[in-house]
Amino acid sequence: MKKILYALSLLAAASLVAVSCSLDVKYYGNTKDESDIEDTDHPYSTREDIKGQLDNMYNEIKGSIQESGYADFLIYTDVLADNAYAGSATTPEIMALEAHEQDATNYNTVRDWNFYLSQVSNANQVITYMDDIKDETLTDTERKQWVAEAKIWRAYMWFDFCRLFGDIPMITKVPPAITADNLLETYPLYYPSRTPVDSVYNQIITDLEEAVQYAPDLSTSDKFVCSKALGYGLLARVYSEKPKQDWAKVAEYCGIVEKMKLSLVNNYADLWSWNEDRTDVKLRHSSESIFEVPYTPSAGNWVWMMFWRQGLSSNLDDSFSWAKWVTPSKNLVSAFENEGDNIRLEQSVVYDQCGWASYNMSADHYPFMYKTRDNAASIIKMRLAEIYLMHAEADANLGNLSEAAQYVNRVRTRVKLDNLPAAASASKESMLSAVLKERRLELCFEGFRWFDLIRNGKAVECVNNFGNKSSEYYDPEKAYVGNITENGLLMPVPQTQIENNLNLTQNPGY
Amino acid sequence: MKSKVLMLSLLLMLFGTSAFAQNQAKINGKVTDAGGNALPGVVVYVLGSDNGTSTADDGTYTLNVSLPKGKVNVTFTAIGYKDVNITVDGSRKLDVTMQDDIQTLDDVVVIGYGTQKKADITTSVSIVSTKDVDHQPVLSASGVLQGRAAGVQVVQPSGMPGSGMVVRVRGASSISSSNDPLYVVDGVPVGTGSDAISFLAPNEIETMQVLKDASSAAIYGSRAANGVVIITTKAGSKNRPPVISFNSYIGISDVARTYDVLNVAQYKELMDETGIITLPDGLTDNTDWFDETYRTGVNQNYQLSYSGSNDRTNYYVGGGWTREDGVIKTSYSERYNFKINLDTQLRDWINFSTNINYVHTDYNGIIEGTGSNRAGTVLSVINTPTYAKEWSEENPAWYWTQFYGANLTTPAENIGRTKYNTNNNDRIIGTIGATVSLTKNLSFKSTATMDRNWYSGTEFLDPIATSYGRTQHGAASASRSDDRRMVYDNILNYKLDCGKSRFDFMGGTSATVSHWEQLWGSRSYFSNQYGNADISLNGGNNGGLRGQGQNTSEWTIMSYLARLSYNYDDRYLVTGNFRADGSSKLAKGHRWGYFPSFSGAWRLSNEEFMKDIDWLNDLKVRVGWGQTGNQSGLDDYAYLQKYNTIYYDWTDPNYAQATPVIGDRSNIKNDKLTWETTTQTNLGVDMTVLNNKLTFGLDLYYKRTTNMLMNINLPDPNPDIQWNSGEMTNKGLELTVSSRNISKKDFYWNTDFNISFNKNELVSIDLQNVYYYARTSEANADYIIRMAPGEPLSEFYGYVYEGVDPETGLCIYKDLDDNGVINSSDRQYIGNANPVFTAGMTNTIGWKGFTLSVLMTGSYGNDIYNASRIEMEGMYTGSNQITSVLDRWKIPGQITNMPKSNELYNLKGSSRFLEDGSYLKIKNINLSYSFETKKLAKWNISKIEPYISLQNFFTFTRYSGYDPEVSQYSSATEMGIDWGTYPHVKTAVFGINIDF
């Protein structure tokens with residue numbers, strides 16, 4: 001018996017030690033294993049890896065642009081201005097923007113701030129890691145071309161980010177891993193302060209001027225590419241804005257784009273409408289389009305439901321039970337009517353019956369934003385008509401009034417409108433005013449109006465005259481909007497971001 | 001035959017039993033209680049046989065016994081008294097005094113990896129009375145804790161059937177990690193959070209203890225920062241005859257209150273005034289949505305068990321079925337439970353124990369915790385206008401859709417959204433343990449536990465009847481997960497008695513290995529023809545791009561632990577614990593954490609100089625210090641740098657051949673990541689006076705959590721990082737008083753009272769300075785909780801409401817920065833969800849066979865942010881409102897507290913919706929009657945005990961919502977928010993316990 005006990009004691013003592021389990025467990029996902037011996041701190045090493053980052057940048061554009069880059073963007077460009085009402089009386093964020101009463105907790109501005117940073121970060125994945133890829137199947141042309149695409153997109157995002165928020169945290173590469181040891185060095189990379197607009201514009205211009213050399217040429221069949229045309233078009237846009245305004249450069253860059261394989265679509269309606277069977281859109285990657293984010297009936301956008309109906313559906317009542325965003329304003333509709341511009345009015349605004357009505361309009365005849373009318377509609381971010389009108393604006397500013405009129409008339413002719421009257425060419429001011437109006441009618445609900453007004457120094461005047469019956473900006477449904485100052489032209493930096501990152505400052509007035 | 005004989009002789013040899021001689025003996029005597037009163041109806045029986053009798057009215061009895069082995073055990077048992085067990089070896093007179101069945105200092109208390117006499121405890125342990133837990137209609141075993149243990153705050157956050165309890169032991173010690181205690185059932189850690197013990201039927205619980213301070217809990221090391229709840233389940237006992245028990249209750253429940261909503265005329269008037277929607281004339285009141293949505297819930301419980309023991313084996317086998325049908329249609333929870341506890345002293349030196357639990361639960365809920373615009377069912381009962389009906393008139397297969405532009409769906413439709421959903425959980429916990437007695441004082445116990453948890457759930461969104469389903473063309477999803485856990489414990493115990501000194505040593509190892517897998521899939525585009533609706537995945541045509549997926553995850557903890565207790569003459573007691581934990585979740589080189597603790601006690605009452613104080617039965621002073629850890633908030637692979645995966649849309653011809661590639665970082669790795677550590681100091685006094693009639697327990701504690709595990713939201717666009725930083729403290733006081741007010745023959749009255757004060761403060765945090773939580777309304781973007789250093793968790797932050805301006809009808813908010821505008825810088829702390837104190841009191845009164853037990857619970861000083869009111873009286877959308885809005889401001893000069901309608905920007909996250917959440921509740925009233933055992937004995941029934949139990953019947957509060965005991969979220973960082981939360985119910989049950 002005693003022997004057994006001793007044996008058991010030994011067994012017990014042994015098992016105390018032996019029953020210990022390994023603390024190394026398997027991870028079922030992507031990681032960079034510590035045992036990988038390489039001199040980089042990231043897992044990208046092959047051509048496929050870096051191509052993946054570029055593909056991901058485009059995929060993320062397709063996914064995320066609908067909310068922040070389109071639905072929210074139109075709130076800024078068209079609802080802050082005189083083109084539209086917010087539409088949904090029970091959505092406080094957009095109602096606050098309509099009223100120009102947004103504050104630093106406004107949820108739209110919070111998510112859009114994040115959108116720009118995320119888009120930049122996606123581009124930075126390509127830009128930061130390209131040099132570390134030693135894979136020989138990756139050609140030099142590809143290297144330069146892919147970085148150029150990423151830089152063009154990053155520049156585009158920085159540009160809009162600045163126009164909305166002013167100085168921005170400009171992050172040019174992916175920050176390295178944080179360790180307890182390098183926290184002090186990495187801290188400013190993770191907690192960046194705001195870079196002044198002027199420096200951001202300099203960076204944008206440097207990047208774009210470099211990128212247009214290597215970016216792919218404009219394809220005629222795929223406009224969802226950050227091509228040379230988009231690069232030059234963006235340069236034109238950047239030089240038209242106040243911080244770096246240079247109208248000669250705008251004209252020059254517009255000219256370069258115009259020489260590419262682009263032409264206005266004959267029928268303005270074709271840009272927006274569906275095919276005869278109403279199974280898909282009529283045109284995708286049209287001859288006029290420079291940059292568009294395409295969707296198909298099977299891999300559709302969802303953003304249609306923010307504006308009107310899913311026009312391709314057999315069930316037109318899908319999601320048509322709640323108030324829509326970006327309701328065309330009375331002022332805009334009169335602007336079309338005063339111009340006799342029925343073609344563009346009909347493609348921009350649709351009247352329908354709905355279960356709700358606001359803005360003192362009838363539920364039986366209620367206007368909706370019509371430029372995204374189904375789930376297969378592309379989001380067109382740049383097209384030739386805009387380049388023409390930008391060129392016109394540049395020429396007008398440069399005093400080339402007849403050239404300016406020519407560009408405007410190209411756009412007017414397509415929609416069966418007479419050429420500009422001679423009075424328009426009478427002075428720089430009258431021409432600028434004609435261009436501004438033409439841009440409004442041609443490009444409404446495409447993300448331009450508010451910035452057009454700011455660029456022409458008319459944004460504050462516009463808002464402060466909503467209630468002035470003798471003003472061109474008068475709109476009875478916006479008459480309630482209080483006066484703003486120049487401070488109101490920029491959006492507030494989200495309060496949560498400031499509290500997260502003490503290096504951020506708030507814009508004046510918030 | 002031959003082999004049988006051989007086997008028998010072998011067995012005889014092994015067990016050494018012999019002696020077939022039969023002796024007869026006669027024993028008789030009188031049974032009295034502690035006061036000397038005769039006790040009638042006491043069952044007297046020979047253990048392990050069916051030979052028994054019961055005492056007469058004068059307490060006397062006579063029992064003839066046979067003595068096959070020369071002696072037998074005779075047991076005396078009666079309800080309300082402790083069993084008495086006496087060995088008899090011949091005829092004799094045997095008078096017995098029975099003691100009241102209350103906790104005494106000689107009772108054994110289960111502590112981690114061992115037991116201790118209550119008198120010897122040096123730490124802070126709450127012993128929870130489990131006396132009448134089987135009389136209460138609580139589905140969850142954690143409900144048993146409510147109001148019964150000082151320092152343990154238990155909140156039932158919602159009335160949803162099967163919803164868990166939020167249990168906090170001495171406040172919240174963590175921000176990102178769990179704040180729930182660790183549950184240990186029959187020696188096996190089964191997890192944290194009340195789901196961890198949802199497999200237990202409350203009536204299976206024999207004892208329940210809460211280890212509250214670090215010096216007691218530290219033996220569970222990195223899993224014990226929030227205390228440990230130790231549960232022992234029922235087992236067969238040598239001290240009781242074999243018994244078949246049947247417990248059952250059946251009851252009904254109803255929603256605790258309703259609201260008056262606007263009728264259609266009042267609603268139309270409001271809508272005409274706001275202009276938000278335009279309603280036609282001639283609408284009539286058609287539906288009372290309260291009647292349509294709420295029903296009388298049904299509670300049922302049936303439990304059957306048999307237990308007993310023979311020479312070497314104790315057994316308990318039980319099983320049952322419990323079902324609660326909620327007061328809102330389609331919500332229910334049900335449980336099938338089955339359990340075997342088996343304990344065999346196979347040899348004198350080895351004991352085997354086996355516990356097997358199998359439990360199946362299934363349940364369904366509703367959409368709650370959101371506004372009616374997002375299909376929140378509870379609020380839609382109020383927000384749906386009364387003209388609407390259940391079914392659409394134009395499309396009879398559709399729920400009602402005509403709201404004239406208001407973004408509404410009816411409660412019927414919101415329930416319909418989830419009514420096909422199923423949730424099933426199956427869990428098996430099986431433990432086999434062997435205890436080897438190596439010498440008289442040295443034993444070794446080895447156990448292996450398999451804990452396996454399967455979940456399967458399905459969802460189906462009706463493609464025809466629901467408007468969301470029509471948009472999605474129906475959708476189905478299914479998911480399965482399998483959680484497989486093994487726990488291996490090896491514990492050595494050594495006792496040493498040398499005169500007045502007694503040593504107890506425990507040392508061992510514990511290893512836990514976990515492997516978790518999940519598989520899920522989803523499809524959409526279902527047929528919109530009825531009769532063709534296969535409501536599983538199979539019915540959908542579109543499997544989506546990534547319509548199926550798999551997740552796998554593993555973790556391991558390895559621990560070494562030791563405890564040394566020293567007792568000198570029952571006067572000086574010292575205990576030291578040590579545990580080392582290694583976790584796979586941390587980076588190499590940072591995996592091990594060390595958790596020491598020390599405690600000591602001085603039993604003054606055993607000192608010579610105190611011996612003469614008659615009224616003092618026991619006085620003990622305790623002091624303890626210890627460290628515990630918390631690792632539950634660590635991701636399974638927290639230290640690794642992980643990357644997203646980039647997938648391609650293979651339906652796009654460009655990508656038909658694509659393979660996935662590595663995407664960007666999904667976290668920011670932290671290779672110095674480690675546990676958070678809670679250091680706790682405890683000071684306690686236990687005192688028993690007046691002939692054990694009055695017992696006091698007082699504890700003071702100071703808990704300090706350092707190296708807090710924080711999820712730092714790095715500024716966009718970076719992913720989060722897990723980072724150790726900052727400090728949080730909890731200070732508190734707990735008082736327990738137990739009093740046996742009256743204890744006479746046929747009448748007794750006991751009172752147990754406890755009160756707990758806790759003060760929480762976040763002292764510091766790094767990198768990110770402020771956190772916001774709880775965005776509770778779409779009327780504004782305000783987060784209503786702000787967490788920052790110097791403040792407690794769950795503190796409300798917002799505008800200061802100062803009433804309605806009689807001139808404009810707008811809410812006036814305090815302009816804190818005096819700049820003339822009200823904007824986001826005019827917010828301040830406006831309230832606090834943490835109570836100053838919580839208290840519980842149980843009064844038990846017995847008279848003859850009747851027992852009345854009343855449990856009261858209370859909370860004082862906490863605020864509730866009633867976000868539901870924003871939706872019920874905010875008047876900012878086209879939804880219906882409650883009748884309080886009839887007082888709304890209409891003309892200048894009007895003095896009212898209800899502002900003008902349709903003022904969206906004026907509707908802010910403010911103190912307007914903040915309410916005092918203090919309450920006193922009569923949580924449970926329980927009346928039972930125990931039939932006299934004597935009369936039942938001839939039917940072989942030892943107990944019949946019918947009872948009625950009223951749960952949650954009376955609440956005294958100023959809170960205007962359904963119930964002040966509410967919290968939409970269970971995280972310690974966002975407590976105290978009522979936002980369309982499933983309302984609490986009143987329950988009345990009738991039940992019966994029968995023992996055969």
Side-chain angles (χ1 to χ4, degrees), chain A residues 5 8-9 12 15-16 19-32 43-44 48-49 52 55-56 89-90 92-93 95-96 101 103-107 113-114 117-118 121 125 177-180 190-191 298-299 315 318-319 321-323 354-357 363 495-497 499-501, chain B residues 276-278 401 403-405 407 436 438 444 446 467 470-471 488 490 492 508-509 511 513 552 554-556 558 582 584 591 637 640-643 645-646 648-649 651 661-664 668-672 713-718 721 768-770 772 779-782 823-824 876-877 904-905:
Chain A
L5 287 180
L8 278 167
S9 325
S15 59
L16 278 180
V19 183
S20 64
C21 52
S22 166
L23 294 179
D24 294 321
V25 295
K26 184 169 160 45
Y27 175 60
Y28 301 80
N30 294 326
T31 179
K32 181 166 169 59
Y44 318 108
E48 271 56 50
D49 288 342
D55 292 339
N56 187 51
T90 56
E93 294 87 11
M95 293 306 289
E101 287 188 9
D103 69 11
T105 61
N106 187 287
Y107 195 65
W113 175 276
N114 182 19
L117 287 166
S118 300
S121 174
Q125 284 283 122
I178 298 183
T179 64
Y190 284 96
Y191 294 86
S298 62
N315 178 11
D318 262 11
S319 302
S321 59
W322 35 273
C354 62
W356 61 91
Q495 189 63 28
T496 46
Q497 292 292 326
E499 275 160 356
N500 255 354
N501 178 0
Chain B
I276 293 170
I277 56 170
T278 311
T401 55
F403 291 106
Y404 306 99
N407 181 12
V436 179
L438 296 160
F444 175 72
S446 183
S467 54
R470 290 190 294 277
T471 314
Y488 307 96
N490 288 289
L492 198 65
T509 66
V513 181
T552 311
E554 293 178 347
W555 58 264
T556 296
M558 181 66 221
S584 67
R591 283 186 170 159
Y637 304 94
L640 274 181
Q641 180 58 60
K642 292 174 283 186
Y643 293 87
T645 304
I646 296 172
Y648 292 90
D649 178 359
T651 62
V661 292
I662 299 175
D664 56 355
I668 306 279
K669 82 163 175 180
N670 176 356
D671 53 12
K672 295 260 167 77
N713 306 124
L714 290 174
D716 292 332
N718 296 299
I721 184 169
Q768 183 174 353
N769 304 290
V770 178
Y772 289 94
N780 53 59
D782 300 334
N823 60 19
S824 54
Y876 75 100
T877 64
L904 190 59
Y905 314 126

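Sequence lines set the chain letters: A, B, ... in the order given, protein chains first and strands last, and positions in each chain run from 1.
Between chain A and the options Thr401(B), Asn769(B), Ile668(B), Ile662(B), heavy-atom pairs under 4.5 Å are most frequent for Ile662(B). Counting heavy-atom pairs closer than 4.5 Å to chain B, the top residue among Tyr27(A), Trp322(A), Tyr107(A), Trp113(A) is Tyr27(A). Of all the listed residues (Thr105(A), Asn500(A), Asp103(A)), the one sharing the greatest number of non-hydrogen pairs under 4.5 Å with chain B is Asn500(A). For chain A, the option among Trp555(B), Tyr772(B), Phe403(B) with the highest count of heavy-atom pairs below 4.5 Å is Tyr772(B). Taking chain A as the reference chain and counting heavy-atom pairs below 4.5 Å, the highest number among Asp649(B), Thr877(B), Asn718(B), Asp782(B) is found for Asn718(B). Between chain B and the options Ser319(A), Gly29(A), Ser298(A), Ala89(A), the largest number of non-hydrogen pairs under 4.5 Å is found for Ser319(A). In terms of non-hydrogen atom pairs under 4.5 Å with chain B, the most contact-rich of Ala104(A), Ala96(A), Ala299(A), Ala357(A) is Ala96(A). Most heavy-atom pairs under 4.5 Å with chain A: of the set Thr645(B), Asn823(B), Thr278(B), this distinction falls to Thr645(B). Contacts with chain A were tallied for Ser824(B), Ala779(B), Pro717(B); Pro717(B) has the most, counting heavy-atom pairs under 4.5 Å.
With a 4.5 angstrom heavy-atom cutoff, Glu499(A) touches chain B via backbone and side-chain atoms both. Interface remark: Thr651(B) contributes no atoms to any contact with chain A (heavy atom separation under 4.5 Å). Interface residue Val513(B): only side-chain heavy atoms are found under 4.5 Å from chain A.
Here the closest non-hydrogen pair linking Asp24(A) and Arg591(B) is OD1-NH1, 2.8 Å. Residues Glu554(B) and Lys26(A) come closest through the heavy atom pair OE1-N, 3.3 Å.
In this structure, CG on Asp664(B) lies 4.5 Å from CD on Gln125(A), to the nearest 0.5 angstrom. Atom-to-atom distance recorded for Gln497(A):CD and Asn713(B):CG is 9.0 Å, nearest 0.5 angstrom. Taken to the nearest 0.5 Å, the CG atom of Asn30(A) stands 11.5 Å off from the CG atom of Leu640(B).
For the pair Tyr637(B)/Val25(A), a side-chain contact is recorded, criterion being any heavy-atom separation below 4.5 Å from C-beta on. At a threshold of 4.5 Å between non-hydrogen side-chain atoms, the residues Tyr190(A) and Ile721(B) do not count as touching.
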